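Every value quoted in this text rests on a predicted model; they were computed, and no experiment measured them.
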Amino acid sequence: MSSYQYRRLELSRNEIRKIALQPGSGDSVVEVEIVHAFLDDNPTYEALSYVWGDPTVDSNFTADCGVYIFKATTNLESALRHLRFVDKPRYLWADAICINQNGLDERCQQVGIMGSIYAEASRVIIWLGHDEEHLGPELQQMVSGYDMLDSLSQSQTDAVAGLLKSAWFTRVWVIQEAALSQSPYVLWGETEISWRLLVFLLKKIGDQRIAVGDL
């Protein structure tokens with residue numbers, strides 16, 4: 001299979017690409033189709049906010065019914081594998097795939113409208129990667145009852161510390177991606193967490209209104 005060949009975008013009309021993530025589960029190959037759309041037409045898609053990861057470690061998946069092959073970092077491939085539905089396509093936007101990284105003019109233009117891309121998305125999915133220590137459920141409970149918390153147990157402290165170790169929080173522009181979205185949520189392994197409630201929890205901790213152990 002040959003590498004995917006991008007069709008040019010009509011940059012003057014704010015054309016974008018969407019990923020039609022094909023149904024699948026388990027260890028089956030991740031397959032996508034690339035769909036073009038104009039932002040002015042209010043296309044339906046979810047935008048992915050994530051960390052690319054180590055560019056020297058990549059994974060392959062197929063495009064357009066196996067005709068082409070895509071290379072992506074393992075973190076993005078893991079996100080797509082995790083996000084795909086079992087019975088229907090899921091429409092997403094992820095910069096590494098939807099922008100031709102080898103086209104300088106396109107890359108500059110698409111980065112310039114990235115704020116609109118995130119703002120127009122039906123929601124933004126903040127992918128933190130796999131929850132290796134299974135801390136997500138603990139954090140989810142904390143977020144749900146953040147207004148009742150006045151101190152954190154050691155397990156709760158560990159959950160917050162584990163969250164903040166995610167490479168996603170080291171990216172300068174992540175807050176903009178989340179803030180622009182209509183309904184962002186965090187996906188940490190199998191755990192979904194409301195971004196807005198998580199912000200409330202972290203702000204409460206930051207304001208020292210919750211007694212916290214060593215983070």
Side-chain angles (χ1 to χ4, degrees), residues 1-127 129-130 167-168 171-174 176-177 180-181 187:
M1 288 185 288
S2 58
S3 297
Y4 184 79
Q5 302 298 308
Y6 284 97
R7 179 164 62 84
R8 290 177 64 88
L9 295 175
E10 292 189 48
L11 301 181
S12 62
R13 296 183 58 195
N14 288 342
E15 187 177 22
I16 64 170
R17 298 183 185 91
K18 300 191 300 181
I19 301 165
L21 180 59
Q22 298 303 297
S25 62
D27 295 330
S28 64
V29 175
V30 174
E31 184 173 340
V32 302
E33 292 185 12
I34 304 301
V35 181
H36 285 228
F38 296 99
L39 274 182
D40 290 345
D41 292 339
N42 299 315
T44 301
Y45 62 93
E46 300 165 286
L48 189 61
S49 178
Y50 68 105
V51 174
W52 279 32
D54 187 346
T56 64
V57 181
D58 55 33
S59 299
N60 295 334
F61 53 93
T62 63
D64 295 353
C65 300
V67 175
Y68 300 105
I69 191 169
F70 259 116
K71 284 188 178 294
T73 60
T74 54
N75 191 45
L76 177 55
E77 193 271 347
S78 293
L80 296 178
R81 180 176 297 280
H82 192 92
L83 288 168
R84 58 186 175 171
F85 293 137
V86 176
D87 57 348
K88 61 182 179 180
R90 186 170 192 173
Y91 292 90
L92 302 168
W93 186 90
D95 57 355
I97 297 175
C98 295
I99 299 175
N100 180 2
Q101 302 299 319
N102 295 320
L104 180 59
D105 289 344
E106 175 181 315
R107 197 167 71 238
C108 290
Q109 190 270 347
Q110 292 283 286
V111 170
I113 65 170
M114 200 172 288
S116 296
I117 291 173
Y118 278 97
E120 294 296 325
S122 59
R123 61 179 180 173
V124 168
I125 304 165
I126 300 168
W127 169 250
H130 296 292
W168 185 85
R171 297 174 64 215
V172 176
W173 53 91
V174 293
Q176 179 185 15
E177 292 178 357
L180 287 170
S181 171
L187 189 58

Contact summary for [X] and [Y], nearest pair of heavy atoms:
{"X": "D95", "Y": "W52", "value": "OD1-NE1, 3.1 Å"}
{"X": "Q110", "Y": "E15", "value": "NE2-O, 3.1 Å"}
{"X": "C98", "Y": "E106", "value": "O-OE2, 4.1 Å"}
{"X": "I34", "Y": "R17", "value": "CG2-CD, 3.6 Å"}
{"X": "R107", "Y": "N100", "value": "CB-O, 4.4 Å"}
{"X": "A37", "Y": "P43", "value": "CB-CB, 3.8 Å"}

How far does [atom1] of [X] sit from [atom2] of [Y], to the nearest 0.5 angstrom?
{"X": "L76", "Y": "I19", "atom1": "CG", "atom2": "CD1", "result": "6.5 Å"}
{"X": "N14", "Y": "D41", "atom1": "CG", "atom2": "CG", "result": "11.0 Å"}
{"X": "I125", "Y": "R90", "atom1": "CD1", "atom2": "CZ", "result": "4.5 Å"}
{"X": "I117", "Y": "K18", "atom1": "CD1", "atom2": "NZ", "result": "12.5 Å"}
{"X": "D40", "Y": "E120", "atom1": "CG", "atom2": "CD", "result": "8.5 Å"}
{"X": "R81", "Y": "L21", "atom1": "CZ", "atom2": "CG", "result": "10.0 Å"}

May I ask you to test the [X]-[Y] pair for a side-chain heavy-atom distance under 4.5 Å?
{"X": "F70", "Y": "V30", "value": "no"}
{"X": "Y4", "Y": "V32", "value": "no"}
{"X": "L92", "Y": "I97", "value": "no"}
{"X": "E77", "Y": "T74", "value": "no"}

Q: Could you list the residues that satisfy side-chain hydrogen bond (donor to acceptor under 3.5 Å, both in side chains) with S28, not counting sequence neighbours?
A: R84
Q. Short question: side chain of S25, backbone of V86 - any donor-acceptor pair under 3.5 Å?
A. no
(Q) So if I apply the ring-ring contact (aromatic ring centres under 6.0 Å, His included) rule between W93 and each of Y118, Y50, Y45, which one comes out positive? (A)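 Answer to the ring-ring contact (aromatic ring centres under 6.0 Å, His included) test with W93 among Y118, Y50, Y45: Y118.
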Might you confirm whether atom [atom1] of [X] has over 12 heavy atoms from other residues, nucleotides or ligands at distances under 6.0 Å?
{"X": "R8", "atom1": "CZ", "value": "no"}
{"X": "Y91", "atom1": "OH", "value": "no"}
{"X": "D27", "atom1": "CG", "value": "no"}

Q) Going through the distances and angles, do Y6 and N102 end up as a side-chain contact (heavy atoms from CB on, under 4.5 Å)? A) CA-CA 10 Å; Y6 284 97; N102 295 320; over 6 Å; no
Q) Stepwise, does the side-chain contact (heavy atoms from CB on, under 4.5 Å) test hold for V51 with T73? A) CA-CA 9 Å; V51 174; T73 60; over 6 Å; no
